[in-house]
Student: 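The structure that follows is given in the form of structure tokens.
Letters A, B, ... mirror the listed sequences (proteins, then strands); counts begin at 1. We use all heavy atoms of the structure for the numbers below, so side chains are in, but hydrogens, waters and symmetry mates are not.
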Amino acid sequence: MRIIETPADWPADEAAALAVQDRLRARVILDEPGPPVGEGRVTGVDVAYDDERDIVAAAAVVLDAAGLDVVEEATAVGRVAFPYIPGLLAFREIPAVLAALSSLSGEPGLVVCDGYGVAHPRRFGLASHLGVLTGLPTLGVAKNPFVFSYDAPGPRRGDSAPLLAEDGEEVGRALRTRDGVKPVFVSAGHRVTLDAACAHTLHLARRFRIPESTRRADTLCRAALAAARAAAA
DNA sequence: GCGACAG
DNA sequence: ATCTTGTCGC
């Protein structure tokens with residue numbers, strides 16, 4: 001496990017973070033189809049926090065896209081870099097995620113984030129931000145619709161409905177990954193189209209509502225946090 | 001002006 | 001995100 005420091009130039013407050021989003025969002029690429037579904041590697045990333053002790057733990061779990069077996073895992077622990085502010089989640093999660101990704105020995109391939117990409121008030125959510133910083137293709141799968149509206153998709157796995165911004169733009173999709181179960185909210189991050197993001201999500205979420213990549217990363221970052229707590233005590 | 005609001 | 005046991009169901 002690698003111990004990280006928050007980047008020295010990381011925004012210190014809300015105004016600085018907003019300025020960074022304004023500067024970086026022009027670099028998001030949305031006209032590339034992205035990697036084919038079921039080939040190569042897919043990496044799930046997730047983060048867990050202990051704000052009491054000011055500890056953050058991130059995990060990156062690399063899967064073989066064909067069989068969804070784990071190829072490699074990495075974690076990183078550090079101090080919380082930013083408070084949780086809706087719309088600025090990336091500043092809280094990304095330093096630890098970058099550290100976990102950088103300690104992988106192999107290529108991550110497609111990165112699946114727990115949150116949004118372009119489905120964001122300023123079209124620059126966590127997944128897009130991570131994509132721009134790393135150059136990797138990314139997508140976001142969130143468990144809640146955030147500030148967007150949608151009509152209920154059909155009841156079957158694979159059914160979807162547009163996730164709409166206030167101006168009517170389709171910024172993502174409410175996608176049913178299991179029959180009769182609450183949909184997940186998918187959006188493109190970087191170098192992946194929305195259609196491709198949904199196809200990857202369906203491939204990764206065959207057995208459960210949440211993609212296998214995210215579930216694996218979630219379990220691993222919680223374990224890393226527990227270990228860091230024990231070490232701190 | 002106040003509240004809601006990914007994790 | 002996090003605080004948290006048992007329990008209903010495939």
Student: Rounded off to whole Å, could you give me the CD1-to-C1' distance for the A:Ile210 and B:dG7 pair?
Tutor: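 Distance check: A:Ile210 CD1 to B:dG7 C1' gives 12 Å.
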Student: Separation of A:Phe91 atom CZ from B:dA6 atom P, in whole Å?
Tutor: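 So the CZ-P distance, A:Phe91 to B:dA6, works out to 17 Å.
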Student: Using the side-chain heavy atoms of A:Tyr49, tell me which of these nucleotides is nearest: C:dA1, C:dC3, B:dA6.
Tutor: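 Among C:dA1, C:dC3, B:dA6, the one nearest the side chain of A:Tyr49 is C:dA1.
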Student: Within the pair A:Asn144 and B:dC5, is there a side-chain N or O less than 4.0 Å away from OP1 or OP2?
Tutor: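 Result: no.
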Student: Between A:Phe185 and A:Tyr150, is the ring centre distance below 6.0 Å?
Tutor: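 Ring centroids of A:Phe185 and A:Tyr150 are less than 6.0 Å from each other.
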Student: Which part of the nucleic acid, if any, lies within contact of A:Arg222, taking any heavy atom under 4.0 Å across all strands shown: a base, the sugar-phosphate backbone alone, or nothing?
Tutor: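 Sugar-phosphate contact only - A:Arg222 comes under 4.0 Å of backbone atoms but never of a base.
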Student: Can you check the A:Leu163 CG to B:dA6 C1' distance for me, whole Å?
Tutor: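 Answer to the nearest Å: 11 Å.
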Student: A:Ala119 near the nucleic acid: base, sugar-phosphate alone, or nothing, with a heavy-atom cut-off under 4.0 Å?
Tutor: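 A:Ala119: no heavy atom of the nucleic acid under 4.0 Å.
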Student: Choose from C:dT2, B:dG7, B:dA6 the nucleotide whose nearest atom is closest to any side-chain atom of A:Asp114.
Tutor: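 Out of C:dT2, B:dG7, B:dA6, the nucleotide with an atom closest to A:Asp114's side chain is B:dG7.
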Student: Would you mind telling me which of A:Arg216, A:Arg222, A:Arg215 makes a side chain to side chain donor-acceptor pair (under 3.5 Å) with A:Asp218?
Tutor: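 That would be A:Arg222.
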Student: Starting at atom NZ of A:Lys143, determine the distance to atom P of B:dA6, rounded to an integer number of angstrom.
Tutor: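 Checked: the NZ to P distance equals 10 Å.
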Student: A:His190 pairs by side chain to side chain contact (heavy atoms under 4.5 Å, CB included) with which of A:Val111, A:Thr138, A:Leu139?
Tutor: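 Result for side chain to side chain contact (heavy atoms under 4.5 Å, CB included) with A:His190: A:Thr138.
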Student: Let me know the distance between CG of A:Leu130 and P of B:dG7, rounded to the nearest Å.
Tutor: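 Whole-Å distance recorded here is 16 Å.
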Student: Looking at C:dA1, C:dT2, B:dC5, which one has an atom nearest to any side-chain atom of A:Pro86?
Tutor: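 Shortest atom-to-atom distance from the side chain points to B:dC5.
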Student: Rounded to whole angstroms, how far apart are CZ on A:Arg92 and C1' on B:dC5?
Tutor: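 Atom-to-atom, A:Arg92 to B:dC5, this comes out as 15 Å.
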Student: Measure CZ/A:Arg53 against P/C:dT2 and give the value in whole Å, please.
Tutor: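 About 14 Å, once rounded to whole Å.
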Student: Give A:Leu88 one of three labels, base, sugar-phosphate or nothing, depending on what nucleic acid heavy atoms sit under 4.0 Å from its own.
Tutor: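 Base, at least one base heavy atom under 4.0 Å.
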Student: Given B:dG7, B:dC5, C:dT2, which nucleotide is nearest the side-chain atoms of A:Phe146?
Tutor: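 Comparing B:dG7, B:dC5, C:dT2 against the side chain of A:Phe146, the answer is B:dC5.
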Student: Distance check needed: B:dA6 C1' versus A:Phe148 CZ, whole Å only.
Tutor: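 Taking atom C1' of B:dA6 as the reference, CZ of A:Phe148 is at 9 Å.
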Student: Assign A:Asp46 to base, sugar-phosphate, or nothing according to its heavy-atom contacts below 4.0 angstrom with the strands shown.
Tutor: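 Sugar-phosphate, no base atom in range.
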Student: Is the count of non-hydrogen atoms from other residues, nucleotides or ligands lying under 6.0 Å from A:Glu107 atom CD greater than 12?
Tutor: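 12 or below, so no.
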Student: So which heavy atom on A:Pro121 is nearest to which on A:Phe148, and how close?
Tutor: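 Closest approach of A:Pro121 to A:Phe148: N-CZ, 4.3 Å.
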Student: May I ask you to say what A:Ile85 touches in the nucleic acid, namely base, sugar-phosphate or nothing, with a heavy-atom cut-off under 4.0 Å?
Tutor: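 Nothing, no nucleic acid heavy atom in range.
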Student: With a non-hydrogen cut-off below 4.0 angstrom, is A:Gly87 in contact with a base, only sugar-phosphate, or nothing?
Tutor: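 Contact class for A:Gly87: base.
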Student: In terms of side-chain heavy atoms of A:Val147, which of B:dC5, B:dG7, C:dT2 is nearest?
Tutor: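 Of all the options, the side chain of A:Val147 is nearest to B:dC5.
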Student: Just wondering, do A:Phe185 and B:dA6 stack (centres under 5.5 Å, planes under 30°)?
Tutor: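 No, A:Phe185 does not stack on the base of B:dA6, since the centre distance and plane angle fail the 5.5 Å and 30° test.
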Student: Do A:Glu72 and A:Ser105 come close enough that some side-chain heavy atom pair is under 4.5 Å?
Tutor: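 A side-chain contact exists here, since the closest heavy-atom pair is under 4.5 Å.
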